Amino acid sequence: MSMYIRNKSFFSIMLSIVFALYSCSPSNYSAEISDLNGTWQPNWSYRAAMKLSEEEINYFIFSFSWGEGLTLFHTTFEIDTTAEEPFISEPGLGYFPITEITQVGASSIKIRAVRGDLTEPAYCWYPEFIFHFIDKDTIWIETDDIDNSDYGKKALWYRLSGPTSPEY
């Protein structure tokens with residue numbers, strides 16, 4: 001085998017390794033807390049919707065402080081950090097007022113929410129969600145408070161609507 005072919009093969013293998021390592025690296029996107037505002041659709045729902053016409057999808061339009069957003073009943077994760085009373089709405093559990101928002105990394109934001117009567121804090125549930133941005137319109141959600149396959153590194157969520165989304 002000639003030296004040229006060996007060098008070319010070596011270069012191709014090394015380039016493949018570099019691209020593979022780069023694709024596994026953390027996000028280079030720097031998120032801002034306002035980037036959370038929007039409605040987020042889980043990967044399985046997003047893929048299913050791609051196969052349907054617009055008339056076949058049962059979107060609902062909901063008003064948020066950031067504008068009107070599309071939602072899917074028991075499917076979308078809705079976030080409004082700029083509302084008079086900021087909130088999240090988890091698809092299976094519904095509405096939670098936000099008690100704390102913290103930037104925990106360049107592309108990660110933690111939200112602490114509450115469920116219960118705040119006059120009885122000992123009896124409240126305070127779930128935490130960490131939103132990891134891949135890019136402005138793709139996230140994965142980390143939580144130890146809900147056991148669901150829609151959460152974790154391998155469960156992506158896509159922006160369905162938000163303040164920076166194109167008109168629908």
Side-chain angles (χ1 to χ4, degrees), residues 24-50 52 57-168:
C24 295
S25 68
S27 171
N28 291 328
Y29 180 74
S30 286
E32 296 180 21
I33 289 173
S34 62
D35 291 339
L36 284 172
N37 286 323
T39 62
W40 298 87
Q41 184 175 18
N43 186 44
W44 60 266
S45 174
Y46 176 79
R47 283 185 288 131
M50 297 295 280
L52 301 173
I57 302 172
N58 293 316
Y59 290 123
F60 297 94
I61 297 176
F62 191 84
S63 292
F64 297 91
S65 70
W66 46 261
E68 290 188 331
L70 298 175
T71 64
L72 288 167
F73 189 61
H74 287 302
T75 304
T76 50
F77 201 119
E78 292 115 28
I79 304 173
D80 194 340
T81 64
T82 53
E84 191 172 312
E85 293 182 14
F87 70 90
I88 60 173
S89 184
E90 199 276 341
L93 298 171
Y95 179 88
F96 288 82
I98 294 173
T99 60
E100 182 181 345
I101 303 173
T102 310
Q103 186 93 33
V104 293
S107 63
S108 301
I109 299 165
K110 179 171 69 172
I111 286 183
R112 189 170 188 203
V114 64
R115 171 67 56 78
D117 181 356
L118 288 174
T119 62
E120 299 281 345
Y123 299 105
C124 291
W125 179 36
Y126 297 94
E128 290 184 356
F129 300 88
I130 301 175
F131 299 87
H132 300 274
F133 281 82
I134 307 300
D135 58 43
K136 188 167 183 93
D137 298 317
T138 313
I139 60 174
W140 65 274
I141 304 169
E142 178 181 355
T143 184
D144 292 331
D145 296 307
I146 300 172
D147 187 19
N148 184 318
S149 63
D150 287 334
Y151 299 108
K153 223 174 200 176
K154 294 182 181 181
L156 297 180
W157 293 71
Y158 300 95
R159 184 182 305 277
L160 178 59
S161 60
T164 60
S165 298
E167 292 293 319
Y168 46 85

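Throughout, residue positions are numbered sequentially from 1 according to the sequence presented. We use all heavy atoms of the structure for the numbers below, so side chains are in, but hydrogens, waters and symmetry mates are not. Bear in mind the structure is a predicted one, so any value in this text is a computation, not a measurement.
R47 contributes no side-chain N or O that, together with a main-chain N or O of P42, makes up a donor-acceptor pair within less than 3.5 Å. In this structure, H74 contributes its side chain and P91 its backbone to a donor-acceptor pair below 3.5 Å. No donor-acceptor distance shorter than 3.5 angstrom exists from the side chain of N148 to the backbone of Y151, with no hydrogens or angles considered. A distance-only check finds a donor-acceptor pair linking the side chain of T99 to the backbone of R112 [under 3.5 Å]. Judged purely by atom type and a 3.5 angstrom limit, Q103 uses its side chain to pair as donor or acceptor with the backbone of A31. Of the possible polar contacts, one joining the R159 side chain to the D35 backbone as a donor-acceptor pair under 3.5 Å is found. Side chain of T76 to backbone of L72: a donor-acceptor contact under 3.5 angstrom is found.
Side chains of S34 and N37: no donor on one and acceptor on the other come within 3.5 Å. Checking T39 against S161 by side-chain atom types alone, a donor-acceptor pair falls below 3.5 Å. T82 and D80 are linked by a side-chain donor-acceptor pair at a separation below 3.5 angstrom, with hydrogens and angles left out of the test. Between the side chains of W44 and D150, at least one donor N or O lies within less than 3.5 Å of an accepting N or O.
Counting heavy atoms from C-beta outward, Y123 and P121 have side chains that stay 4.5 Å or more apart. L36 places a side-chain heavy atom less than 4.5 Å from the side chain of I111. Counting only heavy atoms from C-beta outward, the side chains of I146 and L93 approach each other to under 4.5 Å. Inter-residue side-chain proximity for I88 and F129 is flagged as met; some heavy-atom pair is nearer than 4.5 Å.
The two atoms that bring S45 and Q41 nearest to each other are OG-NE2, 2.8 Å, heavy atoms only. In terms of heavy atoms, R115 sits closest to G94 at NH2-C, 3.8 Å. The shortest non-hydrogen separation linking W66 to G162 is CZ3-CA, 3.4 Å. Nearest heavy-atom pair, A83 versus S65, reported as atom, atom and distance to 0.1 Å: N-OG, 3.3 Å. The heavy-atom pair separating S149 from A155 by the smallest distance is O-CB, 3.5 Å.
Checked against the 6.0 Å centroid criterion, the rings of F64 and F62 qualify as a close aromatic pair.
Taking CD of E128 as the reference point, atom CG of D145 lies at 6.5 Å (rounded to 0.5 Å). Rounding to the nearest 0.5 angstrom, the gap separating the CG atom in D117 from the SG atom in C124 is 6.5 Å. Here OG1 of T81 is found 11.0 Å from CD of E32. Values are rounded to the nearest 0.5 Å. To the nearest 0.5 angstrom, E78 atom CD is 9.0 Å from L160 atom CG. The distance from atom CD1 of I33 to atom CD1 of I79, rounded to the nearest 0.5 Å, is 11.5 Å. Here OG of S107 is found 8.0 Å from NE2 of H132. Values are rounded to the nearest 0.5 Å.
Of the candidates Y158, W40, F131, F131 is the only one forming a ring-ring contact (aromatic ring centres under 6.0 Å, His included) with F77.
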Discussion item. Under the criterion side-chain contact (heavy atoms from CB on, under 4.5 Å), I'd like the reasoning laid out for L156 against I139: C-alpha separation, chi angles, the key distance, then a yes or no.
Written reply: CA-CA 6 Å; L156 297 180; I139 60 174; over 6 Å; no
Worksheet item: Given the rule in the ring-ring contact (aromatic ring centres under 6.0 Å, His included) test, do W125 and F96 qualify, once you have shown the distances and angles that lead to the verdict?
Response: CA-CA 10 Å; W125 179 36; F96 288 82; 5.6 Å; yes
Discussion item. W157 vs I141, test: side-chain contact (heavy atoms from CB on, under 4.5 Å). Steps then yes/no.
Written reply: CA-CA 8 Å; W157 293 71; I141 304 169; 3.6 Å; yes
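Not counting sequence neighbours, the partners of E100 by the side-chain hydrogen bond (donor to acceptor under 3.5 Å, both in side chains) test are T102.
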